[in-house]
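Just follow the structure's listing: the first ligand is 1, and inside any ligand the first atom is 1.
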Amino acid sequence: MALIVQKYGGTSVGSLDRIRNVANRIKTLRDEGNQVVAVVSAMGGVTDKLIAMAKELIDEPTEREMDVLLSTGEQQSIALVTMALHQIGVDAVSITGRQAGISTTGSHTRGRINAINPDMMKNYLKEGKVLICAGFQGLREDGMIHTLGRGGSDLSAIAVASALKADVCQILTDVDGVYTSDPRVVKDARKLPEISYDEMLEMASAGTKVMQSRSVEFAKKYGVVFEVRSSLNNNPGTIVTEEHDQMEAVVIRGVSIERSQALVTITGIPDEPGMSAKILMCLADAEINIDMIVSNIAYDGLARHSFTMHSSDLGKASAALKPCIAQLSPDSTILTESGIAKLSCVGIGMRSHSGVAAKMFEALGEAKINIGVITTSEIKIAVTVDEHQIEDAARAVHEAFNLDKAPTA
Ligand code: ASP
Ligand code: MG
């Protein structure tokens with residue numbers, strides 16, 4: 001008998017049929033003698049619909065009321081899943097975030113979990129009940145209803161698994177696991193049996209969004225091993241865990257792509273302390289998220305900086321930068337380029353293998369794909385390419401590293 005914590009996302013509970021499917025899956029685990037706690041999201045689309053309704057009433061709803069409103073999405077789905085379980089004879093009970101003892105801190109709509117008191121959950125489990133717990137919500141220290149940010153049910157599930165010291169934690173979703181690359185682009189992309197927390201985080205920041213990154217960070221911090229798998233079949237998924245020695249034998253774990261990127265380059269920046277800060281500050285004030293930052297050593301006393309962002313932010317970025325650049329130097333110019341995409345190779349094996357970048361760039365060169373900017377972290381090499389070439393680029397790099405074949409350790 002194991003204590004299993006599962007999380008079912010919005011798609012997995014997106015219709016009454018899907019809810020029945022979830023109930024059947026939980027019943028199977030229960031019949032096998034396991035204890036089950038299922039953390040559930042709002043039905044797919046419900047949270048978005050609630051946000052849209054609020055915005056129709058008022059331009060800027062208060063965040064307090066948004067928390068009260070959005071937390072109802074999960075409350076609907078826990079009751080419905082529990083009813084579906086009752087219908088097939090499973091002794092289940094729904095619990096809200098507060099009842100699960102999830103206490104939070106931080107501003108409204110952006111809660112962080114600071115503690116979980118699992119007493120009530122433990123009592124119910126002792127009574128033999130299956131628990132259906134609302135994701136995405138908790139009770140703030142001051143007694144307010146609080147939500148955890150979009151996609152926050154992942155975090156609830158990982159935190160509940162940690163607090164209950166669950167034997168198994170599964171994130172059930174509409175994909176089969178984490179793949180070496182996007183299977184819609186690279187047809188021989190392979191499902192990974194396991195991936196380290198850090199690789200998962202780097203791949204998420206590089207465009208492979210399987211689950212909320214904050215929850216992966218939380219899992220890493222508290223050592224919660226979990227599996228990402230499909231709620232629509234019984235295939236084994238991908239285990240996300242602490243890295244171990246054998247993992248380093250693989251140089252590249254995956255190739256991520258991110259489309260719709262834009263590049264901004266500022267030239268003629270005086271080579272003086274504080275200049276980069278001024279430029280980035282004006283982008284931060286305009287609430288623009290930038291991704292890759294590349295700067296060159298100054299030549300003739302003038303430097304140039306480039307950074308990438310989502311292309312939808314490009315207009316806002318140019319507008320914010322113009323007055324700020326004019327103040328820096330009369331020689332500064334802003335160059336913009338849209339229609340680019342980012343390709344990233346991720347793998348902890350990079351730390352111990354050399355020649356990874358050379359091999360990646362060679363594959364791109366042979367495929368006649370020009371590289372724009374290049375950035376690296378300890379376990380990631382990212383480049384920009386023309387957006388219309390991104391799929392060819394992903395396929396070329398995937399093949400160069402033989403990612404379609406299971407590694408022979
Ligand atoms: N219902 C929330 C959202 O859509 C939380 C979640 O699904 O994880 O963001
Ligand atoms: Mg969701």
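- Not a single heavy atom of Q212 lies less than 4.0 angstrom from ligand 1.
- Remark: ligand 1 and K7 share no N or O pair separated by less than 3.5 Å (distance only, no angle test).
- Ligand 1 has G152 within reach: a non-hydrogen atom of the residue lies less than 4.0 Å from it.
- Taking every non-hydrogen atom of R150 and a distance limit under 4.0 Å, the qualifying atoms of ligand 1 come out as 3 (C), 4 (O), 9 (O).
- Using a cut-off of 4.0 Å between Lys/Arg side-chain N and Asp/Glu carboxylate O, K380 and E199 are scored as not salt-bridged.
- Applying the side chain to side chain contact (heavy atoms under 4.5 Å, CB included) test between Y8 and each of I171, I26, I132 identifies I26 as the sole match.
- We find that K342 and D291 are joined by a salt bridge, their nearest charged nitrogen and carboxylate oxygen being less than 4.0 Å apart.
- Using a cut-off of 4.0 Å between Lys/Arg side-chain N and Asp/Glu carboxylate O, E243 and R253 are scored as not salt-bridged.
- With ligand atoms numbered from 1 in the order given, ligand 1 contributes 6 (C), 7 (O), 8 (O) to contacts under 4.0 Å with heavy atoms of S41.
- Numbered from 1 in the order shown, with element, the atoms of ligand 1 that lie under 4.0 Å from a heavy atom of G151 read 3 (C), 5 (C), 6 (C), 8 (O), 9 (O).
- Between K368 and D392, no side-chain nitrogen of the basic residue sits less than 4.0 Å from a carboxylate oxygen of the acidic one, so the salt-bridge criterion is not met.
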